[in-house]
K.L.:
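This is the structure I want to talk about, given as structure tokens.
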Amino acid sequence: MPPLSNGAAVDTHAHVFRQGLALAGTRRHTPDYDAPLAEYLALLDAQGLSHGVLVQPSFLGTDNSYMVQALRAAPERLRGVAVVAPDITDAQLQALADAGVVGIRLNLIGLPAPALHDSPWQALLARVNALGWHVEVHLQAARLHEVLPALLAAGCRVVVDHFGRPDPALGVSDPGFAYLLQHADNGQVWVKLSAPYRNWAGADCAASGRQATQLLLQAYTAERLMWGSDWPHTEHRDVASYPAATQWLDAWIDDPTQRRGVLADTPLQLFQFQGDKP
């Protein structure tokens with residue numbers, strides 16, 4: 001299989017961890033395997049990808065130390081998205097920034113939306129904005145209305161995970177997906193084309209993923225879409241792999257200019273890979 005790219009290209013969504021780390025009490029999943037940095041970097045190399053973005057997995061909660069260690073091991077090649085509590089100190093935020101963190105994540109699958117209008121969250125969002133970071137959100141499309149208005153009103157740049165997580169039974173007919181498309185014009189929202197298996201089953205990862213991608217391209221253009229492998233495909237390792245993730249991208253986007261935008265131009269800028277030109 002040919003490499004995904006012969007130039008600068010970014011995988012915007014992956015996780016690293018090992019067994020034995022302290023786990024969050026509210027976790028939905030406990031992995032029984034390791035996902036080490038060396039293996040991830042080897043996968044990037046095999047697919048011709050120059051950069052990667054590490055996202056703090058939900059089962060590790062707000063202890064970002066393992067991810068930070070990985071970021072420091074490959075600072076030119078990696079950026080990070082952390083999970084933090086509103087009472088995190090300025091010094092702790094700055095330490096994350098110094099390590100290569102460029103955003104925070106709200107993973108709200110199975111959890112209520114935080115009180116984003118309250119003063120602790122408003123203060124945190126202001127600090128996130130001041131650092132030039134973005135806010136990544138992971139929740140079902142039907143719940144996007146619970147968080148998007150408050151984040152946008154706070155002036156945040158928002159990255160929506162995994163196609164916006166439309167209902168598998170509804171696909172692109174999900175009113176929540178339509179709600180996501182309606183936010184394309186404000187210029188503050190980006191969407192990750194990643195983890196189709198979290199929305200669709202089997203062969204639908206290619207076909208339904210393409211349908212959703214084409215609608216997102218029409219609404220957002222490649223300037224605010226990005227691709228992610230979702231490695232190591234937690235809870236879906238039986239139906240996903242890194243090669244499969246790259247093949248799905250091939251099935252979703254035909255136009256080389258759009259592909260270049262999704263793989264390189266857009267993520268290089270958003271994730272602050274300074275000096276790296278596609």
Side-chain angles (χ1 to χ4, degrees), residues 12-13 15 26-29 55 57-58 105-114 116 134-152 156 158-231 233-241 244-255 258-259 262 266:
T12 69
H13 199 101
H15 311 284
T26 56
R27 65 188 182 277
R28 305 183 316 276
H29 174 62
V55 177
S58 60
R105 191 188 200 203
L106 301 178
N107 188 335
L108 302 177
I109 300 294
L111 296 173
L116 296 174
H134 65 271
V135 179
E136 180 175 312
V137 296
H138 182 207
L139 76 172
Q140 295 90 344
R143 297 182 56 204
L144 286 171
H145 71 277
E146 297 177 16
V147 297
L148 271 187
L151 293 174
L152 297 176
C156 298
V158 181
V159 174
V160 177
D161 271 348
H162 308 328
F163 292 90
R165 292 299 303 268
D167 186 321
L170 298 174
V172 298
S173 298
D174 186 335
F177 187 75
Y179 178 82
L180 176 60
L181 295 177
Q182 291 163 10
H183 280 80
D185 292 339
N186 63 34
Q188 290 176 247
V189 181
W190 286 253
V191 183
K192 288 186 181 181
L193 309 175
S194 57
Y197 40 80
R198 300 188 189 277
N199 306 314
W200 306 288
D204 285 345
C205 286
S208 295
R210 179 182 175 86
Q211 185 181 21
T213 296
Q214 293 302 309
L215 290 171
L216 287 165
L217 280 168
Q218 291 172 24
Y220 282 87
T221 79
E223 293 183 0
R224 280 184 288 120
L225 298 180
M226 301 170 291
W227 170 83
S229 68
D230 194 38
W231 186 83
H233 325 290
T234 54
E235 301 181 80
H236 296 272
R237 299 173 78 216
D238 57 326
V239 296
S241 66
T246 66
Q247 290 163 13
W248 287 323
L249 179 63
D250 288 336
W252 299 336
I253 302 178
D254 303 319
D255 182 85
Q258 291 179 330
R259 183 185 177 89
V262 168
T266 298

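We count residues from 1, following the sequence as given. Computation of the quantities below employed the complete heavy-atom set of this structure, encompassing side-chain atoms and omitting hydrogens, waters and symmetry-equivalent molecules. Just so we're clear, the structure is a prediction, and the values are computed from it rather than from any experiment.
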K.L.:
Please name the pair of heavy atoms, one in S58 and one in N107, separated by the smallest distance, quoted to 0.1 Å.
P.N.:
CB-ND2, 3.5 Å

K.L.:
Side chains of H233 and Y197: closer than 4.5 Å at any heavy-atom pair?
P.N.:
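Yes, their side chains come closer than 4.5 Å.
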
K.L.:
What's the shortest heavy-atom distance between A212 and W200, and which atoms?
P.N.:
CB-CH2, 3.8 Å

K.L.:
Look at R259 together with D250 and state whether they make a salt bridge at an N to O cut-off of under 4.0 Å.
P.N.:
yes

K.L.:
Within this structure, what is the CH2-CG distance for the pair W252 and L216, rounded to the nearest 0.5 Å?
P.N.:
10.5 Å

K.L.:
Evaluate the criterion side chain to side chain contact (heavy atoms under 4.5 Å, CB included) for residue pair V135 and V147; output intermediate values, then yes/no.
P.N.:
CA-CA 11 Å; V135 179; V147 297; over 6 Å; no

K.L.:
Please determine whether side chain to side chain contact (heavy atoms under 4.5 Å, CB included) holds for the pair Y220 and H183, giving the CA-CA distance in whole Å, both sets of side-chain angles, and the decisive distance to 0.1 Å.
P.N.:
CA-CA 9 Å; Y220 282 87; H183 280 80; 3.9 Å; yes

K.L.:
Side-chain donor-acceptor pair under 3.5 Å between Y179 and H145, yes or no?
P.N.:
no

K.L.:
Going by heavy atoms in the side chains, are L217 and T213 under 4.5 Å from each other?
P.N.:
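Touching, per the 4.5 Å side-chain cut-off.
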
K.L.:
Is there a side chain to side chain contact (heavy atoms under 4.5 Å, CB included) between R224 and V191 once you walk through the steps?
P.N.:
CA-CA 7 Å; R224 280 184 288 120; V191 183; over 6 Å; no

K.L.:
Taking atom OG of S194 and atom CG of L225, what is their separation to the nearest 0.5 Å?
P.N.:
11.0 Å

K.L.:
Looking only at non-hydrogen atoms, find the nearest pair between A219 and A184 and report the distance.
P.N.:
O-CB, 3.2 Å

K.L.:
Looking at every non-hydrogen atom in both residues, tell me the closest pair between L106 and P114 and how far apart they are.
P.N.:
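Looks like CD1-CG, 4.5 Å.
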
K.L.:
To the nearest 0.5 Å, tell me how far F163 CZ sits from L180 CG.
P.N.:
11.0 Å

K.L.:
Are the side chains of L215 and F177 in touch, meaning some heavy atoms are under 4.5 Å apart?
P.N.:
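Yes, side chains in contact.
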
K.L.:
Take a 6.0 Å sphere around CD of Q214 and say whether it holds more than 12 heavy atoms from other residues, nucleotides or ligands.
P.N.:
yes

K.L.:
Has the side chain of R210 got a donor or acceptor atom that lies under 3.5 Å from a matching backbone atom of A251?
P.N.:
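At least one qualifying donor-acceptor pair exists.
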
K.L.:
Atom NE2 of H162 and atom NE2 of H138: how far apart are they, to the nearest 0.5 Å?
P.N.:
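Between H162 NE2 and H138 NE2, I get 4.5 Å after rounding to 0.5 Å.
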
K.L.:
Specify the closest pair of heavy atoms between L144 and G176, including all atoms of both residues, with the distance to one decimal.
P.N.:
CD1-O, 4.0 Å

K.L.:
Going through the distances and angles, do H13 and M226 end up as a side chain to side chain contact (heavy atoms under 4.5 Å, CB included)?
P.N.:
CA-CA 9 Å; H13 199 101; M226 301 170 291; over 6 Å; no

K.L.:
Nearest 0.5 Å, what's the CD-SG distance between Q247 and C205?
P.N.:
12.0 Å

K.L.:
Measure the shortest side-chain to side-chain distance between V172 and S208 over non-hydrogen atoms and say whether it is less than 4.5 angstrom.
P.N.:
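No. Closest side-chain heavy atoms not under 4.5 Å.
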
K.L.:
Which atom pair, heavy atoms only, marks the closest approach of T266 to A222?
P.N.:
OG1-O, 2.7 Å

K.L.:
Using only atom types and a distance under 3.5 Å, with no angle test, would you say the side chain of D167 pairs donor to acceptor with the backbone of A142?
P.N.:
no

K.L.:
Please say which of V160, D161, D230 ends up in a side-chain contact (heavy atoms from CB on, under 4.5 Å) with K192.
P.N.:
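So, applying the side-chain contact (heavy atoms from CB on, under 4.5 Å) to K192 and each of V160, D161, D230, only D161 qualifies.
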
K.L.:
Keeping the roles fixed (side chain from Q140, backbone from I109), state whether a donor-acceptor pair exists under 3.5 Å.
P.N.:
no

